[in-house]
Number of protein chains: 2
Amino acid sequence: MPRVVMTAAKRTDRKEIGDVAMGLGADAGSAGIVRTKHVTFDQPSQELALEGGGTLAPFTVAFETYGKLSERKDNAILVTHALSGDAHVAGRHSANDQRPGWWDMMIGPGKGLDTDKYFVISSNVIGGCSGSTGPASENPATGRPYGTDFPIITIADMVNAQAMLLDHLGVEKLLAAVGGSMGGMQVLEWAVSHPGRVHLCLPLATAARQPTQAIAFNEVGRQAIMADPDWRGGHYYDGKPPAKGLSVARMVGHITYLSDEAMQEKFGRRLRDIHDYSFTFSADFEVESYLRHQGLSFTNRFDANTYLYITRALDYFDLTRRHGSLVQAFRDVTARFLVLAFSSDWLHPPYQLKEIVSALRATHKHVSYYEVESHYGHDAFLLEREKMEGIIGAFLASGARTFVPAS
Amino acid sequence: MPRVVMTAAKRTDRKEIGDVAMGLGADAGSAGIVRTKHVTFDQPSQELALEGGGTLAPFTVAFETYGKLSERKDNAILVTHALSGDAHVAGRHSANDQRPGWWDMMIGPGKGLDTDKYFVISSNVIGGCSGSTGPASENPATGRPYGTDFPIITIADMVNAQAMLLDHLGVEKLLAAVGGSMGGMQVLEWAVSHPGRVHLCLPLATAARQPTQAIAFNEVGRQAIMADPDWRGGHYYDGKPPAKGLSVARMVGHITYLSDEAMQEKFGRRLRDIHDYSFTFSADFEVESYLRHQGLSFTNRFDANTYLYITRALDYFDLTRRHGSLVQAFRDVTARFLVLAFSSDWLHPPYQLKEIVSALRATHKHVSYYEVESHYGHDAFLLEREKMEGIIGAFLASGARTFVPAS
């Protein structure tokens, strides 16, 4: 009981101090100071067999954990990240760290993924550029960075690497897997490929197969990167990275994460620091300046080759491919689902989430569906704390009661 | 009476022979063999005063006409083009020409814009690259192409140049101005800036001010072009053009012209000439191959600097800017309006057309609104002949009866 009161107090604090999620306030409800850990799988038995053929070996997975694994090992939740995410999903890396993890609003004591109850695990996907092995990593065959000699990886490969991380952490079966966008695809893949290892699945703002329009936008991003002469066929690590191409890729991606309405509201046609048009090609409009900034700042933290590999993994994702149909793909699923769609998400509109729900229902699985009313577009899953927290928290708490961890 | 019968017969022919609009069949209903003409305004009194300051002089306008101007000069219709259009709106340039004008489906004997009745005029906008003066034209000050020394032009500037073309053709007052997308913006500008010179206005798939999301996509295109080292600050006419940048710009633009549904239907996740993923960055998906082709073929017919200038003109378009509000902007309008929206157009969704309609109604103008049910997206105005032809034809015929040409 006291804990509940404390939790409520924490939430109130959080509201009073304002924008904790932006790293501007005190840290009530924070997962605290965390650090990214690394595990390298380098034993002969630890090769990662890839869906496209061949193996990845050795390989490293960067990960973080929050909260404590219970003795019964029945409280582990895996959080999977989207295209530009990483293992740092909650807390801060130092006391002065201005930027908490990317889903800090949802993870911490008393939050939706309550670290007083749950052991939360997050890892950077393979192919990534934030600590896990990817195209910028050293190719053991040459001693130089892989570049485009890195193998094409898929969502299933990412999930298989996560499964090895769980083995390493001694987690046989997850209470839950949670993720939005590409993270949601990983959650679906967990349910389908490792049905015995996950009890609850929460795919948010995602699809069971990458839709055509999303492939199209990704292809624009890839072409922008590959058109940059600094890309040099992907072997640029000894020189300048293809920053201009990556910046254009990020700009176009970013537009797809926001709704028409949110852009209109956030920027409208407002000019930036000027009273009238400049009649030049400068960034007259706030939205131009914002996008240029988003593009540029992305190049400081992200690798262009990883952008190519991860968008390819997204575009290749199609649960019907190996199974004929979605209903077939879900046949052996044992997990219970909470599927969340966001009303103004036009990258993965609600109809794509409903397709998942229909197929699960057709094969008599436990599934709840909820459409969150939001004008934030695809990014809503990163922003709508108030609207998601209760639903997700209740689903986890209720699901925990039916969970039988592996023996 | 015989003419009506003949027209009906023609339409039947057209249906039987199939895809005339794609240039694959015989030419029943065609505007026939046409040629692009040019008029150069080079007199001291013919300088074009630009909205952004300064003048353009001398300048040339490329244009085509179809049908015959009546003696009363009461049958002239101006058709205005969109971003990538030109003066060649109907007919063919030679007997073997495989590609008729861009709105050939709507213009010709017996068609919606019936050239047995109307004198149809179309011109390439200034700033364009299809015959009218633009950044690739010779700068009289240097004897070399303008490049980015070309002045920023606006929709109002384009319309003022068209007004001078009408003077040249002896057309004091238009029966109608018709156009989609950027063409629709020109139609709106005609109504507002030259209220005495146009009787009927038909803006299709457009907006009274460029919306934020459209500015954002255009800015991606501009950044892609300017990131191409071949762009060289816009002075590339003595060397290689920035084809890769322009290609990326076209790809992203193209996605915005199609609906999610149309892309899904047209391409889905179909692979191209392969049975399984290649596990490379090749164009595995048909949609990738299609976009690459669209991008590449565009670079063969379009100038990258024109892309910059015209998207800037689009983004600067805002009828409320000079007038405070849309209602104020429409105050002196005398034209009667037919406003057409297309249900799946997400670049200019119906709400943007309804904004125009509401403002016109608020100031008691004649306005009809029609939302065409279509899954083609923004491109619908270039494709939905059957659904538009009757509505447009009837509006023109009825409007012609109330038209009093200028004395």
Side-chain angles (χ1 to χ4, degrees), chain A residues 50-53 148 151-152 154 209-213 215-220 222-224 226-229 234 244-245 247-248 251-252 254-255 258-260 263-269 276-281 283-285 287-288 290-292 295 308-309 312 315-316 318 320-321 346 349, chain B residues 50-53 148 151-152 154 209-213 215-220 222-224 226-229 234 244-245 247-248 251-252 254-255 258-260 263-269 276-281 283-285 287-288 290-292 295 308-309 312 315-316 318 320-321 346 349:
Chain A
L50 301 172
E51 194 180 354
T148 40
I152 294 282
T154 66
R209 50 188 153 191
Q210 177 81 332
T212 317
Q213 197 181 57
I215 298 175
F217 279 120
N218 282 342
E219 174 65 3
V220 169
R222 285 190 293 266
Q223 290 295 315
M226 297 196 282
D228 189 327
K244 285 184 176 180
S247 178
V248 169
M251 285 171 70
V252 69
H254 205 87
I255 300 171
L258 304 176
S259 70
D260 176 31
M263 286 196 110
Q264 197 76 36
E265 220 171 76
K266 192 168 179 177
F267 306 108
R269 295 183 47 84
D276 197 2
Y277 298 160
S278 71
F279 291 97
T280 69
F281 293 114
D284 280 10
F285 294 102
V287 69
E288 292 177 304
Y290 171 81
L291 286 174
R292 288 187 192 183
L308 299 179
Y309 278 87
R312 198 52 158 173
D315 295 350
Y316 274 179
D318 179 0
T320 67
R321 186 172 159 265
W346 61 276
Chain B
L50 300 172
E51 194 179 354
T148 40
I152 295 283
T154 66
R209 49 189 155 191
Q210 176 81 332
T212 316
Q213 197 180 58
I215 297 175
F217 280 120
N218 281 342
E219 175 64 3
V220 170
R222 284 189 294 266
Q223 290 296 315
M226 297 195 283
D228 189 327
K244 286 186 176 178
S247 178
V248 169
M251 285 171 70
V252 69
H254 206 86
I255 300 171
L258 305 176
S259 70
D260 176 32
M263 284 196 111
Q264 198 76 35
E265 220 170 77
K266 192 168 180 176
F267 306 108
R269 295 183 47 83
D276 198 2
Y277 298 160
S278 70
F279 291 97
T280 68
F281 293 114
D284 281 9
F285 294 102
V287 68
E288 292 176 304
Y290 171 81
L291 286 174
R292 289 187 191 184
L308 299 180
Y309 278 87
R312 198 54 158 170
D315 295 349
Y316 274 180
D318 180 0
T320 67
R321 184 172 159 265
W346 61 277

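The chains referred to below are lettered A, B, ... by the order of the sequence lines, with proteins before strands, and numbering in each begins at 1.
Distance alone, capped at 3.5 Å, is enough to place a donor-acceptor pair between the A:Tyr277 side chain and the B:Tyr316 backbone.
Interface summary for chain B: among A:Met226, A:Arg222, A:Met251, the most heavy-atom pairs under 4.5 angstrom belong to A:Met251. In terms of non-hydrogen atom pairs under 4.5 Å with chain A, the most contact-rich of B:Thr148, B:Asn218, B:Asp260 is B:Asp260. Between chain B and the residues A:Lys244, A:His254, A:Gln264, the largest count of heavy-atom pairs under 4.5 Å involves A:Gln264. Options A:Ser259, A:Gly53, A:Ala227 differ in how many heavy-atom pairs under 4.5 Å they form with chain B, and the most are formed by A:Ala227. Chosen from B:Ile152, B:Asp315, B:Leu258, the residue pairing most often with chain A at heavy-atom distances under 4.5 Å is B:Ile152. Chain B forms more heavy-atom pairs under 4.5 Å with one residue of A:Ser278, A:Pro151, A:Ser247, A:Ala283 than with any other, namely A:Ser278. Chosen from B:Val287, B:Val252, B:Asp284, B:Leu291, the residue pairing most often with chain A at heavy-atom distances under 4.5 Å is B:Asp284.
With sequence neighbours excluded, the residues forming a side chain to side chain contact (heavy atoms under 4.5 Å, CB included) with B:Thr154 are A:Phe279, B:Glu51, B:Ala156, B:Asp157, listed by chain and number. Partners of A:Thr320 under the side chain to side chain contact (heavy atoms under 4.5 Å, CB included) rule, at least two apart in sequence or in another chain, are A:Arg209, A:Asp318, A:Leu326.
Within the 4.5 Å cutoff, the side chain of A:Ile255 has heavy atoms near those of the B:Phe217 side chain. Considering only heavy atoms from C-beta on, A:Gln210 stays 4.5 Å or farther from B:Phe285 through its side chain.
Distance check, rounded to the nearest 0.5 Å: CD of B:Glu288 to CD of A:Glu219 gives 4.0 Å.
Using a 4.5 Å cut-off between heavy atoms, A:Pro229 touches chain B through its side chain atoms alone.
In this pair, B:Tyr309 and A:Phe281 present their aromatic rings perpendicular. The plane angle is above 60°, beyond the 30 to 60° band.
Of all heavy-atom pairs spanning A:Thr212 and B:Gly268, the tightest one is OG1-O, 2.9 Å. Contact detail for B:Arg269 and A:Ile215: the closest heavy-atom pair is NH1-CD1, 3.6 Å.
A salt bridge links A:Asp276 to B:Arg321: at least one charged side-chain nitrogen sits closer than 4.0 Å to a carboxylate oxygen.
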